[in-house]
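For reference, the structure is listed below as structure tokens.
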Amino acid sequence: MAALWRGVRTNSLRAALPAFFPLRAYLQVKAIADASGDWHNRLVGGFKLDIGAAHALLGAGARTARLLAVKVPAGYAHWVTPGVCYNRVGYWEVPNSRVVYSEHGRTRSFGIASMISWRGVWYVVHFGAVLSTGIVDDPSLGPGMSAPSSTC
């Protein structure tokens, strides 16, 4: 999450990419034609737009904003079975985590739409939203609230 936060603060895809679901894992998970192209164009392309939107949310305070926590609602974690969402293998997914940060002495937050566990490590797979890109998921004053949802 430190990498994700660095990317948001500096508006840098390169800095945030270590927090993103890896291509090698995506190729093993997805049962779609041209999974590599989908990862590069749709997923990483959308992730870049979402990083930019989160950076814009920080505004002039981006340089001094501090990451306080990433709240992961463990009770929302669920197993996604093979065959669901065009997947060839199953994996653990958790929706609606929260990035909590401080900016100018005020606590604020925004969501991470979906994270996937791959070989024991959690990665961001949909940052701003599952079906849209270039947006910030549920920004709010304070630590915010997670809500259950299904994702694909």
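All of these numbers come straight from a predicted model, not from anything done at the bench.
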- Task: Take atom CZ of Arg14 as the centre, draw a 6.0 Å sphere, and report whether it contains more than 12 heavy atoms from other residues, nucleotides or ligands.
- Result: no
Roughly how far, to the nearest 0.5 Å, is [atom2] of [Y] from [atom1] of [X]?
| X | Y | atom1 | atom2 | answer |
| --- | --- | --- | --- | --- |
| Ser36 | Leu23 | OG | CG | 5.0 Å |
| Arg98 | Leu68 | CZ | CG | 13.0 Å |
| Leu58 | Trp5 | CG | CH2 | 4.5 Å |
| His126 | Phe21 | NE2 | CZ | 10.0 Å |
| Trp92 | Trp79 | CH2 | CH2 | 7.5 Å |
| Leu4 | Ile112 | CG | CD1 | 5.5 Å |

- Note on the structure: On a heavy-atom basis, the closest approach of Gly59 and Glu103 is N-OE2, 4.5 Å
- Query: Closest heavy-atom contact between Pro95 and Pro73?
  - Reply: O-CG, 3.6 Å
Looking at [Y], is its backbone amide N or carbonyl O close enough to the side chain of [X] to form a donor-acceptor pair, meaning the two atoms are under 3.5 Å apart?
| X | Y | result |
| --- | --- | --- |
| Arg88 | Val29 | no |
| His55 | Arg9 | yes |
| Lys30 | Cys85 | yes |
| Ser109 | Val100 | no |
| Trp39 | Arg24 | no |
| His40 | Asp38 | no |
| Asn87 | Gly90 | no |
| Arg108 | Tyr101 | no |

- Task: With sequence neighbours excluded, tell me which residues meet ring pair (Phe, Tyr, Trp, His ring centres under 6.0 Å) with Trp122.
- Result: none
- Mind checking what makes side chain to side chain contact (heavy atoms under 4.5 Å, CB included) contact with Val121, not counting sequence neighbours? Tyr123
- Task: Can you sort out the partners of Arg6 under side chain to side chain contact (heavy atoms under 4.5 Å, CB included), two or more places apart, ordered by chain and number?
- Result: Ala2, Ala3, Ala15
- Taking atom types as modelled, is there a side-chain donor on Ser114 or Glu93 under 3.5 Å from an acceptor on the other? yes
- Between the side chains of Arg66 and Ser102, does any donor sit under 3.5 Å from an acceptor? no
- Have a look at Ile51 and tell me which of Leu17, Thr10, Asn11 forms a side chain to side chain contact (heavy atoms under 4.5 Å, CB included) with it. Asn11
- Pick from Phe127, Tyr26, Phe47: which one makes a ring-ring contact (aromatic ring centres under 6.0 Å, His included) with Phe20? Phe47
